[in-house]
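Note that the numbering runs from 1 along the sequence shown for the chain. Atoms within each ligand, like the ligands themselves, are counted from 1 in listed order.
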Amino acid sequence: MITSSSAHGNSSPSANQLERARESPLSTAQRPLGVALVGLGKYSTEQLGPALLETKRCKLKAIVTGSPNKAEHWQKQYDIPKSNVYSYENFDSIKNNPDIDIVYIVLPNSMHAEYSIRAAQAGKHVICEKPMAVTVQECENMIAASAKAGKLLSIGYRLHFEPYNLAMAEFGQNKTFGDVRKIIARDGMDIEPGVWRLNKKLAGGGPLVDVGIYCVQGAIYTSGELPVSVSAIEGKKTDMKRFKEVEESMQWTMEFPSGLIAECETSYAKQMNLLRAEAEEGWFELNPAYEYDGKKGRASDGPFEFPQVREQALQIDDFANCVMNNRKSKVPGEMGLRDVKILTAIYESARTGKKVRLSEFSSHYKNQTH
Ligand code: NDP
């Protein structure tokens with residue numbers, strides 16, 4: 001996350017830095033990189049496709065879908081030739097398509113590992129949606145596959161490119177309001193029945209892995225620290241039919257090396273969207289914090305505001321920049337692995353009723369937040 005010493009307001013360096021990064025033109029020798037979207041569901045249709053119309057360093061050039069009926073609309077909308085429409089079966093032949101540099105995996109969680117690995121084996125750079133995968137082993141396999149192919153791997157953590165969440169990181173890490181003592185993070189929604197997110201095999205877990213992951217992320221970038229332990233309690237189910245396979249809600253606490261505590265909550269039955277930090281000399285918060293639009297920032301000395309950005313366009317363009325300059329993403333596979341380790345520890349704590357220590361982070365991720 002950013003480390004500049006900016007404070008509140010529209011002229012914040014955070015927003016300016018982002019805009020500059022986005023607007024610096026490509027040299028005439030550079031062509032925008034080609035992106036293939038894998039899985040044309042809601043997130044691809046409503047967010048990533050439109051974002052790829054705004055990116056400067058890359059362009060949507062191919063689609064991979066199991067629904068041939070969707071292809072025609074996408075081909076028209078994004079000017080994609082028939083030869084660049086793939087199915088899940090013939091996806092590996094994307095290896096022979098020089099138009100495609102980056103493959104973006106936007107499938108149900110349990111399919112992330114297989115398709116990320118197949119993309120790396122096809123010689124492509126990969127962006128994979130969150131959560132990175134459903135087990136730690138799968139995340140490690142994905143990192144190994146990209147490394148073996150000599151390609152970059154990044155996770156779709158859009159909030160690392162968005163001014164309000166960058167401001168939270170800046171205020172917390174630069175101690176704008178003094179040392180942060182406590183973070184409160186809540187993310188939840190009332191989910192419709194019958195969707196793959198409620199199927200354990202496809203989703204890998206419930207609201208924790210889907211939206212609770214943003215609380216884990218928010219606490220880490222606001223504090224600039226990695227948790228050393230987690231203690232969790234699964235909420236009592238109020239709807240056994242909808243939540244037959246996955247948890248309905250989860251509450252957990254994360255302890256950080258400085259003594260800071262993060263109190264977190266996620267739910268598939270309750271709307272919540274908060275990231276709040278309480279510090280020695282004041283407080284600062286976003287509510288909503290993780291939505292695409294309409295984020296609101298408030299602090300003990302007043303509200304803070306930034307211009308609306310298309311965070312996915314910034315995120316994808318940053319990755320294209322990384323590929324062009326052979327630079328690791330600031331949201332790399334290792335960060336996705338880190339988070340899946342934390343989510344796994346939260347489930348373990350809820351299951352055993354015991355605090356779970358995350359001692360490996362203090363050595364392995366020394367002085368880093370990923
Ligand atoms: P959707 O259910 O809307 O779309 C998933 C798509 O995956 C489907 O439309 C389908 O595309 C394809 N698919 C292939 N196999 C299956 C299957 N067995 N069951 C269901 N779909 C299948 O999901 P979302 O777009 O909301 O989420 C996709 C991923 O993106 C998830 O990992 C989610 O966590 C992540 N996400 C991230 C967000 C963020 O803010 N970073 C926001 C929302 C989602 P097709 O018909 O083309 O084959």
For the 3.5 Å polar cut-off, considering only N or O atoms, please tell me whether [X] and ligand 1 meet it.
| X | value |
| --- | --- |
| S44 | no |
| G66 | yes |
| G39 | no |
| P108 | no |

Nearest-contact summary for [atom] - protein heavy atom, Å:
| atom | answer |
| --- | --- |
| atom 25 (O) of ligand 1 | Y43 N, 2.9 Å |
| atom 4 (O) of ligand 1 | G41 CA, 3.1 Å |
| atom 18 (N) of ligand 1 | L202 CD2, 4.0 Å |
| atom 11 (O) of ligand 1 | L40 N, 3.3 Å |
| atom 29 (C) of ligand 1 | L107 O, 3.4 Å |

- Message: For the NZ atom of K244 and the CG atom of L198, what is their distance to the nearest 0.5 Å?
- Response: 10.0 Å

Contact between ligand 1 and [X] is defined here as a heavy atom of the residue under 4.0 Å from a ligand atom; is it met?
| X | result |
| --- | --- |
| Y115 | no |
| Q312 | no |
| Q47 | no |

- In terms of side-chain geometry, is the basic nitrogen of K200 or E245 positioned less than 4.0 Å from the acidic oxygen of its partner? no

- Query: Going by an N to O cut-off under 4.0 Å, is there a salt bridge joining K61 and D99?
  - Reply: no

- Would you please indicate yes or no on a ring centroid separation below 6.0 angstrom for F306 and Y164? yes

Of all the atoms in ligand 1, which lie at a distance below 4.0 Å from a heavy atom belonging to [X]?
| X | value |
| --- | --- |
| V106 | 28 (C), 29 (C), 30 (O) |
| R158 | 39 (C), 40 (O), 41 (N) |
| T65 | 45 (P), 46 (O), 47 (O), 48 (O) |
| Y214 | 39 (C), 40 (O), 41 (N) |
| G156 | 41 (N) |

- Query: Regarding Y43 and Q312, is there a side-chain donor-to-acceptor distance under 3.5 Å anywhere?
  - Reply: yes

Looking at [X], I'd like to know if its [atom1] atom is crowded, meaning that more than 12 non-hydrogen atoms belonging to other residues, nucleotides or ligands lie closer than 6.0 Å.
| X | atom1 | answer |
| --- | --- | --- |
| I233 | CD1 | no |
| N325 | CG | yes |
| K237 | NZ | yes |
| R186 | CZ | no |

Tell me which one of [options] gets a heavy atom nearest to [atom].
| atom | options | answer |
| --- | --- | --- |
| atom 12 (C) of ligand 1 | W74, W196, Y88 | Y88 |
| atom 33 (C) of ligand 1 | M132, E311, R197, H112 | R197 |
| atom 34 (O) of ligand 1 | E291, E129, K201, K130 | K130 |

- Among F91, Y104, Y86, ring pair (Phe, Tyr, Trp, His ring centres under 6.0 Å) partner for Y115: F91

- Ring-face cation of K59 near Y78 (centre distance under 6.0 Å, axis angle within 45°):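 Judged by the rule, K59 and Y78 form no cation-pi pair.
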
- Task: Could you tell me whether K42 approaches ligand 1 through its side chain, its backbone, both or neither, with non-hydrogen atoms closer than 4.0 Å?
- Result: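 Under 4.0 Å from ligand 1, K42 contributes backbone and side-chain atoms.
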
- Which part of Y290 is near ligand 1, with near meaning a heavy atom under 4.0 Å away: side chain, backbone, both or neither?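 None of Y290 does.
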
- Query: Would you say the side chain of N287 lies within less than 4.5 Å of the side chain of R276, judging by non-hydrogen atoms?
  - Reply: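 No, too far: nothing below the 4.5 Å cut-off.
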
- Item | Residues D101, M324; criterion side-chain contact (heavy atoms from CB on, under 4.5 Å); working and verdict | CA-CA 10 Å; D101 305 280; M324 285 172 172; over 6 Å; no

